[in-house]
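Single-structure report; data block below.
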Amino acid sequence: MKKIKMSVLGIGPVYVLSCLIATVLSIYLSEKGSLNSGKISNFRLILICLGVLSILLGVILWIQAVFSQKMVKAIKDNILLTKGVYAVVRNPIYSAFFFVFTGMLLIEANLWLLILPIVFWLYMTILLKLTEEKWLKEAFGQEYIEYCARVNRVFPWFSKK
């Protein structure tokens, strides 16, 4: 098996910055009244609570991936992480940002903004398939293929094994 060195940041900056810009811009437009037709008043408190929970989940995923699993060291040492948080989601850092941005959008309580998490998920899936998943498959071969069969790409869930 050929050893390929992967970037510590991967496609992270591209995904995070573009989703952050879209999130902030859409919240700004909502606050300025451009998207008033989507404002939700009946379930606002529920959406705020869901938004806060989503942000907390994102923060927990990020902390677990970066600090508890020592992700940077594993990448530098060319180790495939499959334990801890990586046993419930293959891309916990991308997932973390997805949940944080989704939480921010939920707190805004605007139906139009709730289209963005779907776009973010599609965007993340495409980026990962075209880049990091190819690198990981080439670097780790069958081990990575079997890992993919057990663990979800974006949404934390118990192992399929």
Side-chain angles (χ1 to χ4, degrees), residues 6-72 74-75 81-136 147-161:
M6 196 168 96
S7 163
V8 171
L9 295 177
I11 57 154
V14 171
Y15 176 75
V16 171
L17 287 175
S18 55
C19 291
L20 176 63
I21 290 167
T23 299
V24 170
L25 181 60
S26 63
I27 290 171
Y28 174 79
L29 291 172
S30 178
E31 286 294 318
K32 290 297 180 187
S34 298
L35 304 171
N36 277 343
S37 64
K39 287 282 187 179
I40 303 167
S41 56
N42 296 344
F43 303 104
R44 184 163 174 75
L45 184 59
I46 292 170
L47 290 173
I48 289 171
C49 290
L50 289 173
V52 169
L53 288 173
S54 184
I55 291 169
L56 286 173
L57 175 60
V59 170
I60 291 167
L61 281 172
W62 189 84
I63 289 169
Q64 288 295 309
V66 174
F67 296 112
S68 296
Q69 299 293 294
K70 298 179 176 85
M71 182 264 320
V72 173
I75 291 173
L81 290 171
T82 59
K83 305 268 188 259
V85 72
Y86 288 89
V88 293
V89 64
R90 291 195 317 254
N91 301 285
I93 295 173
Y94 297 114
S95 297
F97 283 103
F98 172 84
F99 285 114
V100 168
F101 297 144
T102 297
M104 293 167 63
L105 296 166
L106 283 166
I107 289 170
E108 187 60 26
N110 188 317
L111 280 175
W112 293 117
L113 301 189
L114 298 182
I115 295 168
L116 282 175
I118 297 165
V119 172
F120 294 166
W121 172 79
L122 285 170
Y123 179 45
M124 180 184 352
T125 299
I126 292 166
L127 280 176
L128 287 169
K129 279 185 174 187
L130 294 176
T131 58
E132 291 186 19
E133 288 183 1
K134 282 185 177 182
W135 301 333
L136 290 165
Y147 173 61
C148 289
R150 295 190 312 273
V151 180
N152 287 338
R153 176 183 290 117
V154 177
F155 299 108
W157 199 254
F158 301 104
S159 180
K160 297 172 192 169
K161 186 176 180 183

Exercise answer: donor-acceptor pairs, residues 97-104 side-chain atoms, under 3.5 Å, sequence neighbours excluded:
residue : atom : partner : partner atom : Å
Thr102  : OG1  : Phe98   : O            : 2.8

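- In this structure, Ser68 and Val85 have side chains that are not in contact, with every pair of non-hydrogen atoms separated by 4.5 Å or more.
- Annotation for Trp62 and Ile93: closest pair CD1-CG2, 4.0 Å, computed over non-hydrogen atoms.
- Atom CZ of Phe155 has more than 12 neighbouring heavy atoms from other residues, nucleotides or ligands inside a 6.0 Å radius.
- Taking Tyr28 as the reference, Lys32 meet the side-chain contact (heavy atoms from CB on, under 4.5 Å) condition, with sequence neighbours excluded.
- The shortest heavy-atom contact between Ile27 and Leu105 is CG1-CD2, 4.2 Å.
- Expressed to the nearest 0.5 Å, how far CD1 of Ile40 lies from CG of Leu114 amounts to 5.5 Å.
- Of all non-hydrogen atoms in Ala87 and Val151, the two that sit nearest each other are O-CG2, 3.6 Å.
- For residues 38-53, the set of pairs meeting the side chain to side chain donor-acceptor pair (under 3.5 Å) definition, not counting sequence neighbours, comprises Ser30-Lys39, Lys39-Glu108.
- For Val89 against Val154, the heavy-atom pair with the smallest separation is CG2-O, 3.2 Å.
- The two atoms that bring Arg153 and Asn91 nearest to each other are O-ND2, 3.0 Å, heavy atoms only.
- Residues satisfying the side-chain hydrogen bond (donor to acceptor under 3.5 Å, both in side chains) test with Thr82, not counting sequence neighbours, are none.
- Looking at residues two or more places apart in sequence or on another chain, you find a side-chain contact (heavy atoms from CB on, under 4.5 Å) between Thr131 and Ile11, Trp135.
- Atom-to-atom distance recorded for Asn36:CG and Leu29:CG is 11.0 Å, nearest 0.5 angstrom.
- Listed here is the closest heavy atom pair of Gly51 and Leu106: CA-CB, 3.7 Å.
- For the atom pair CG of Leu50 and CG of Leu57, the computed distance is 12.0 Å after rounding to the nearest 0.5 Å.
- Going from atom OG of Ser37 over to atom CG of Asn110 covers 7.0 Å, rounded to the nearest 0.5 Å.
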Show me the side-chain donor-acceptor pairs of residues 116-126 shorter than 3.5 Å, one per line, residues at least two apart or across chains.
residue : atom : partner : partner atom : Å
Tyr123  : OH   : Ser18   : OG           : 3.1
Thr125  : OG1  : Trp121  : O            : 2.8

